[in-house]
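Letters A, B, ... mirror the listed sequences (proteins, then strands); counts begin at 1.
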There are 2 protein chains.
Amino acid sequence: MKRSKKILFQEFIARKGLKSTRQRGTVLESFLSSDNHMSTEDLYLKVREKNPNIGYATVYRTLKLFAEAGIAREIHFGDGQTRYEHVAEGEHHDHLICTRCGAVTEFENETIERLQSEIAGQFGFVVEKHKLELYGICPKCRK
Amino acid sequence: MKRSKKILFQEFIARKGLKSTRQRGTVLESFLSSDNHMSTEDLYLKVREKNPNIGYATVYRTLKLFAEAGIAREIHFGDGQTRYEHVAEGEHHDHLICTRCGAVTEFENETIERLQSEIAGQFGFVVEKHKLELYGICPKCRK
DNA sequence: CCTCAGTTGAAAATGATTATCAATTTAACC
DNA sequence: GGTTAAATTGATAATCATTTTCAACTGAGG
Ligand SMILES: [Mn+2]
Ligand SMILES: [Mn+2]
Ligand SMILES: [Zn+2]
Ligand SMILES: [Zn+2]
């Protein structure tokens, strides 16, 4: 059974000698209960609904911790804002982004993944991570 | 025979009712004679070698025009700086980026391209463009 | 030449993110 | 519980890349 994100984060906090604070708890709850691919600002607004005293800097800092702890991942869709997505352990996916409405669809394709390492190998590279994003018009926006 | 970039840009300028200026010519020459994937700042420095009076804003503006004219393409490798690459008409490639030294290798793979449209099609999307970047350690940096 | 829309460079403005720092809080120890 | 050192926080200033402003200038057609 996989440990919950809350526990994973607690473990991370302990391992690093950091402290468990009310603010971090609030940001984590907001993040866990939010849609995927939320921008930092959107998360900040959600956090403020629970506790209007939490500052912007704290949200920025905490989201970075989530990424470091492996429960979130930063993504950049080229709109100038960092977004965060939920990380399901052992899973990976890529993105289809509608250039009109911004809708994001996730997909995975084993063949593409395999080809990627193959290609990298041909150049003597060892792939650490990759980014595959398909931009286009979604079915809804097309009609 | 493919028209040279200079001519393509002239045509773009004319079509849009813009003007042909000394500055634009200088920026274009700098761009054409530069390495691929140069950052705006690097291009700006090259431009200043030829004409120290050209301002930062002009370089920014002109590079955007190149992209609009189809002779350059903006790329973002996640280091917070926009880069520009040369567009060879009818060609497409993706990137392998060394996370240690920043070296960029280009590659193309027909199978991956085909799979991409296939996948997008399954979701009812029509792909306009895509971004595939493989990040890893290059052979040089590995030893 | 004239005219005028387009262009330019300097400087100010923007927008997202990060750094600073004094005040506050946590967690370990007595 | 009280003590303390280290970590955290929030407000604010600072960064940094990029964009906007705007007055002065210039290209191109008439
Ligand atoms: Mn995702
Ligand atoms: Mn390239
Ligand atoms: Zn859409
Ligand atoms: Zn390298």
Side-chain angles (χ1 to χ4, degrees), chain A residues 9-30 37-69 72-84 102, chain B residues 6 9-31 37-69 72-84 102:
Chain A
F9 188 58
Q10 284 316 316
E11 292 177 349
F12 171 81
I13 287 289
R15 190 180 336 130
K16 290 274 184 176
L18 305 180
K19 289 174 177 168
S20 177
T21 69
R22 185 166 45 266
Q23 289 85 331
R24 284 175 179 164
T26 303
V27 177
L28 182 53
E29 288 197 354
S30 299
H37 318 120
M38 294 268 278
S39 68
T40 308
E41 184 181 359
D42 289 341
L43 258 342
Y44 169 68
L45 293 174
K46 276 201 77 169
V47 165
R48 299 221 93 186
E49 287 173 14
K50 295 192 183 168
N51 179 351
N53 299 313
I54 295 180
Y56 226 134
T58 298
V59 175
Y60 268 95
R61 291 187 281 233
T62 308
L63 287 172
K64 278 197 176 301
L65 286 181
F66 294 168
E68 223 185 309
R73 184 184 300 116
E74 285 189 16
I75 49 183
H76 302 273
F77 286 153
D79 61 350
Q81 276 191 279
T82 299
R83 290 162 187 284
Y84 284 87
Chain B
K6 285 193 183 180
F9 188 58
Q10 283 316 315
E11 292 177 350
F12 171 80
I13 286 290
R15 191 182 333 131
K16 290 275 183 175
L18 306 179
K19 288 174 180 171
S20 175
T21 68
R22 186 165 46 267
Q23 290 84 332
R24 285 174 179 165
T26 304
V27 176
L28 182 53
E29 289 198 354
S30 299
F31 173 66
H37 318 121
M38 296 269 277
S39 68
T40 308
E41 184 181 359
D42 289 341
L43 257 344
Y44 168 69
L45 294 174
K46 275 201 78 169
V47 166
R48 300 221 94 185
E49 288 174 14
K50 296 191 183 168
N51 179 349
N53 299 313
I54 295 180
Y56 226 134
T58 297
V59 175
Y60 268 96
R61 291 188 278 234
T62 307
L63 287 172
K64 279 197 176 301
L65 286 182
F66 293 169
E68 222 185 309
R73 184 183 300 117
E74 285 190 15
I75 49 184
H76 302 273
F77 287 153
D79 60 351
Q81 277 191 279
T82 300
R83 290 163 188 283
Y84 284 87

- Query: Would you find a donor on one side and an acceptor on the other, under 3.5 Å apart, between the side chain of A:R24 and the backbone of A:K19?
  - Reply: yes

- Report yes if a side-chain nitrogen or oxygen of B:R24 is closer than 4.0 Å to either non-bridging phosphate oxygen (OP1 or OP2) of C:dT8; otherwise report no. yes

- Message: Set out, in order, the CA-CA distance, both residues' side-chain angles and the distance that settles ring-ring contact (aromatic ring centres under 6.0 Å, His included) for B:F31 and B:F66, then state yes or no.
- Response: CA-CA 9 Å; B:F31 173 66; B:F66 293 169; 5.7 Å; yes

- Task: To the nearest Å, give me how far apart CD (B:E74) and P (D:dT19) are.
- Result: 8 Å

- Rounded distance [0.5 Å steps], CG in B:L43 versus OG1 in B:T82: 11.5 Å

- Please report, rounded to the nearest Å, how far the P atom of D:dG27 is from the CD atom of B:Q10. 13 Å

- Task: Determine: side-chain N/O of A:T82 to OP1/OP2 of C:dA16, distance under 4.0 Å, yes or no.
- Result: no

- Query: Between B:T58 and B:I54, is there a donor-acceptor pair closer than 3.5 Å when you use the side chain of the first and the backbone of the second?
  - Reply: no

- Query: Pick the nucleotide of DNA chain D nearest each of A:G17 and B:T40; which residue has the one closer to the 5' end?
  - Reply: A:G17

- For B:E41 and B:L18, take the nucleotide of DNA chain D holding the closest heavy atom to each; which residue's nucleotide lies nearer the 5' end? B:E41

- Query: Can you tell me how far P of D:dG10 sits from CD1 of A:I54, to the nearest Å?
  - Reply: 6 Å

- Query: Out of D:dA5, C:dG9, D:dG27, which nucleotide sits closest to the side chain of B:A57?
  - Reply: C:dG9

- Task: Check every atom of C:dA27, C:dT8, C:dT7 against the side chain of B:T58 and return the nucleotide holding the closest atom.
- Result: C:dT8

- Task: Report the distance from atom OH of B:Y56 to atom P of C:dA12, rounded to the nearest whole Å.
- Result: 18 Å

- Compare side-chain N and O positions of A:Q23 against OP1 and OP2 of C:dT25 and report whether any pair is under 4.0 Å apart. no

- Query: Counting just side-chain N and O atoms, does B:R22 come under 4.0 Å of either OP1 or OP2 of C:dT8?
  - Reply: no

- Task: Starting from C1' on C:dA10, measure out to CG on B:N53 and report it in whole angstrom.
- Result: 12 Å

- Item | Whole-Å distance separating the CG atom of B:N51 from the P atom of D:dT26 | 12 Å

- Assess whether one donor atom and one acceptor atom, taken from the side chain of B:R61 and the base of C:dG6, lie less than 3.5 Å apart. no

- When you look at B:R83 and B:E74, which way does the salt bridge (Lys or Arg N to Asp or Glu O under 4.0 Å) test go after all the steps? CA-CA 6 Å; B:R83 290 163 188 283; B:E74 285 190 15; over 6 Å; no

- Note on the structure: Rounded to whole Å, the CG-P distance (B:D79 to C:dT18) equals 14 Å

- Task: Look at all strands and tell whether B:K64 reaches a base, only sugar-phosphate, or nothing, counting heavy atoms closer than 4.0 Å.
- Result: sugar-phosphate

- Query: So does A:Y60 get a side-chain nitrogen or oxygen closer than 4.0 Å to the phosphate oxygens (OP1/OP2) of C:dT18?
  - Reply: no

- Item | Distance test, side-chain N/O of A:T21 to OP1/OP2 of D:dT9, below 4.0 Å | yes

- Between D:dC16 (P) and B:Y44 (OH): distance, integer Å: 17 Å

